Amino acid sequence: MHDLNFFRDHLDRFEQMARARGIALDLERFRTLDRERRALITDYEKRRWAQRLAGGKLARGATVVMFGLEEWHRFYPIAKSVDEDFPEQGPSEAALERFLKKVARCNKDSEHRIAELEEQLRQFMLQVPNLPHESVPVGKGPEDNRVVRVWGEPPRFDFPPRPHWEVGERAGILDLPRAAKIAGSRFALYRGAGARLERALANFMLDVHTREHGYTEILPPFLVNTASLTAVGQLPKFAADMFHLEGTDLWLTPTAEVELTNLYRDETLDADSLPIRVCAWTACFRSEAGAAGRETRGITRQHQFQKVELYKFTRPEQSYDELESLVRDAETILQRLGLHYRVVLLCTADMGFAAAKTYDLEVWLPSAGEFKEISSCSNCEAFQARRAGIRFKPKGGKSEFVHTLNGSGLAVGRTWLAVVENYQQADGSILVPEALRPYMGTDRILPEKV
RNA sequence: GGAGGAGUGGCCGAGUGGUUGAAGGCGGCGGUCUUGAAAACCGCUUCCCGGUUGCACCGGGACGGGGGUUCGAAUCCCUCCUCCUCCGCCA
């Protein structure tokens with residue numbers, strides 16, 4: 001969410017942003033709401049002042065002459081506007097009482113109307129996405145994203161590489177039919193070395209990030225409330241993409257970004273503690289209601305998957321350096337696993353709602369002969385922090401909003417399938433990447449009859 | 001799930017209808033004193049919104065959240081949330 005005053009003073013920039021992101025923004029509606037709200041507040045506060053003043057006089061049992069000259073000059077026009085018959089001078093106790101009754105009702109009405117307008121204004125502001133950073137390419141869609149760098153090379157096969165669901169089934173480590181029986185489509189069931197591989201990947205990622213990259217591990221709740229989702233920007237817009245628990249205020253978390261952003265919601269952090277780096281392994285749940293029919297084969301797109309999330313709270317001036325190092329931290333995992341990948345800078349049209357700048361990491365999938373997203377790393381600047389009330393206080397200065405950054409480090413399920421595809425062998429076995437061998441206790445997954 | 005109790009400023013803690021943003025204390029900041037420090041003493045110590053070029057000034061709002069009663073609510077009523085204690089249940 002943007003700062004209201006900043007928004008009002010830079011409407012042209014937001015108009016430009018809307019065009020770059022390819023969305024509609026009804027700025028005329030904003031102008032109307034904003035103008036009306038401020039006019040009402042001004043009037044209301046004048047009457048409120050008069051009400052407090054008169055109330056105070058009455059409490060002291062004043063009767064006739066009790067206003068200072070200047071006070072009276074300010075007070076009388078307000079009283080007259082509320083009560084036509086208000087005496088021009090020397091109001092009696094009865095006149096004051098009548099005025100107070102009228103002004104109380106009048107102010108109550110104003111309060112309601114102002115609250116209504118503020119809710120409408122809030123709803124409006126909640127759907128304004130973040131402003132892209134100046135280094136973000138303006139574009140119309142994924143085709144305008146920019147490849148920043150490519151690491152490694154695709155593995156060579158002397159046989160046609162199979163898609164991961166075939167490799168997994170042949171090796172007896174992935175059982176999609178039974179997952180469907182238990183839960184339905186878009187759920188996975190791992191068996192034996194497959195289950196262990198998923199666990200090994202999560203542990204490997206957490207170990208690297210906590211031991212080598214300075215992140216503190218968090219194990220948060222997997223269920224989150226409406227307030228937390230709203231603070232991140234998942235709600236109100238993306239309710240349909242999540243699982244909601246009937247009769248409660250709880251939702252299955254779509255990403256640990258929700259929990260980690262809300263770690264410090266409505267708190268003021270010590271300036272010296274920044275940047276704060278945390279990471280979390282969680283299950284993630286997405287109903288993907290709008291995506292039916294896409295990527296139905298295999299486990300690329302699931303209702304439930306695991307992810308190790310990286311998250312940073314930083315000072316504004318350091319957030320873009322921290323974004324670069326966040327991306328490197330995520331890349332380390334792919335490099336250690338020996339997986340060919342590329343880094344893509346998303347264009348304005350392809351970025352998420354809260355992001356000011358986003359890099360995607362895309363891993364090579366030999367069966368498809370293309371790159372597939374495995375991580376998304378964003379700097380949200382103060383956008384989420386403002387919405388979530390996360391500040392820091394510089395020494396001797398006013399408190400400011402922190403910048404928040406998040407990225408996958410990495411999506412475990414997609415890493416699983418990338419390993420399986422890239423390390424598959426002609427005999428149906430799967431080589432275990434060097435870095436995972438201590439976790440797997442073997443250098444090769446051998447096919448097993450189920 | 002059942003029965004009780006509690007939520008006040010960075011922290012502790014007064015305050016049960018009237019200029020109370022809120023006594024007192026602690027902490028923090030500035031000053032006096034001191035060779036320096038401590039102690040002592042003095043002063044300061046929140047955030048949001050509106051009017052404004054303005055962190056100046058004027059005004060409004062905020063005592064867990066929301067609603068109500070009243071001319072007026074930290075104080076009375078309703079409701080929700082959180083925490084604590086006891087009972088039940090449970091990995």
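Within every chain, numbering begins at 1; the chains are lettered A, B, ... in the order of the sequence lines, protein sequences first and strands thereafter. If you're wondering where the values come from, they're calculated on a predicted model, not measured in any experiment.
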*Let me have a per-nucleotide readout for nucleotides 60-73 of chain B, 5' to 3', with B, S or -, counting only protein heavy atoms under 4.0 Å.*
SS------S-BSS-
*If a protein heavy atom is under 4.0 Å from the base, mark B; if only from the sugar-phosphate, S; if neither, -; do that for nucleotides 75-80 of chain B going 5' to 3'.*
------
*Any idea which heavy atoms bring A:V258 and A:Q234 closest together, and the distance?*
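Between these two residues, the closest heavy atoms are CG2-CG, 4.3 Å.
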*If a pair satisfies ring-ring contact (aromatic ring centres under 6.0 Å, His included) and one of its residues is in residues 177-196 of chain A, list it, with sequence neighbours excluded.*
A:F187-A:H303, A:Y190-A:W416
*Quick one: CG on A:L197 to CZ on A:R199, what's the gap to the nearest 0.5 Å?*
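Nearest 0.5 Å value for the CG-CZ distance: 10.5 Å.
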*With sequence neighbours excluded, give me every salt bridge (Lys or Arg N to Asp or Glu O under 4.0 Å) pair touching residues 403-417 of chain A.*
none
*Identify, between A:L53 and A:L4, the residue whose nearest nucleotide on RNA chain B lies closer to the 5' end.*
A:L53
Restricting to salt bridge (Lys or Arg N to Asp or Glu O under 4.0 Å), what partner residues turn up for [X], sequence neighbours left out?
X: A:R386; value: none
X: A:E259; value: none
X: A:E45; value: none

Span that lies between the [atom1] atom of [M] and that of [N], in whole angstrom:
N: B:G88; M: B:G68; atom1: P; value: 42 Å
N: B:G10; M: B:C71; atom1: P; value: 34 Å
N: B:G21; M: B:A74; atom1: C1'; value: 11 Å
N: B:G25; M: B:U19; atom1: C1'; value: 25 Å
N: B:G18; M: B:A6; atom1: C1'; value: 28 Å
N: B:C44; M: B:C57; atom1: P; value: 15 Å
N: B:G17; M: B:C12; atom1: C1'; value: 27 Å
N: B:C63; M: B:U16; atom1: C1'; value: 14 Å

*Taking the side chain as C-beta and beyond, is there a heavy-atom pair between A:T415 and A:F204 under 4.5 Å?*
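No - every pair of side-chain heavy atoms lies 4.5 Å or more apart.
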*With side chains defined as the heavy atoms from C-beta onward, is the minimum distance between A:K372 and A:L417 less than 4.5 Å?*
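Heavy-atom side-chain distance check fails, nothing below 4.5 Å.
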_Residue pairs passing the side chain to side chain donor-acceptor pair (under 3.5 Å) test where at least one lies in residues 124-137 of chain A, sequence neighbours excluded_ = A:H133-A:S135, A:S135-A:K357
*Reading RNA chain B 5' to 3', how would its secondary structure be written in dot-bracket notation, given Watson-Crick and G-U pairs with both distances under 3.5 Å, brackets [ ] for crossing pairs and | for partners on other strands?*
((((((((.[[[..)..(.....]]]((((((.......))))))((((((.....)))))).[[[[[..)....]]]]])))))))....
*Please work out which of the three classes, parallel, tilted or perpendicular, describes the rings of A:H213 and A:Y215, given edges at 30° and 60°.*
perpendicular
*ring-ring contact (aromatic ring centres under 6.0 Å, His included) partners of A:F401, counting only residues at least two apart*: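 A:F401: no ring-ring contact (aromatic ring centres under 6.0 Å, His included) contacts found.
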*asked:* Going by the rule ring-ring contact (aromatic ring centres under 6.0 Å, His included), which residues pair with A:Y44 if we only count those two or more places apart in sequence or in a different chain?
replied: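 A:Y44: no ring-ring contact (aromatic ring centres under 6.0 Å, His included) contacts found.
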Could you pull out the protein-nucleic contacts involving nucleotides 51-57 of chain B (nitrogen or oxygen on both sides, under 3.5 Å)?
unit_1 : atom_1 : unit_2 : atom_2 : d
B:G51  : OP1    : A:R38  : NH1    : 3.3

*What is the distance from CG of A:D266 to C1' of B:C81, rounded to the nearest Å?*
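It works out to 14 Å between those atoms.
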*Looking across every strand, which nucleic acid part, if any, lies under 4.0 Å from A:R37 by heavy atom: base, sugar-phosphate, or nothing?*
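Since only primed, P, OP1 and OP2 atoms lie under 4.0 Å of A:R37, the category is sugar-phosphate.
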*Salt bridge between A:E116 and A:R113, side-chain N to carboxylate O under 4.0 Å?*
no
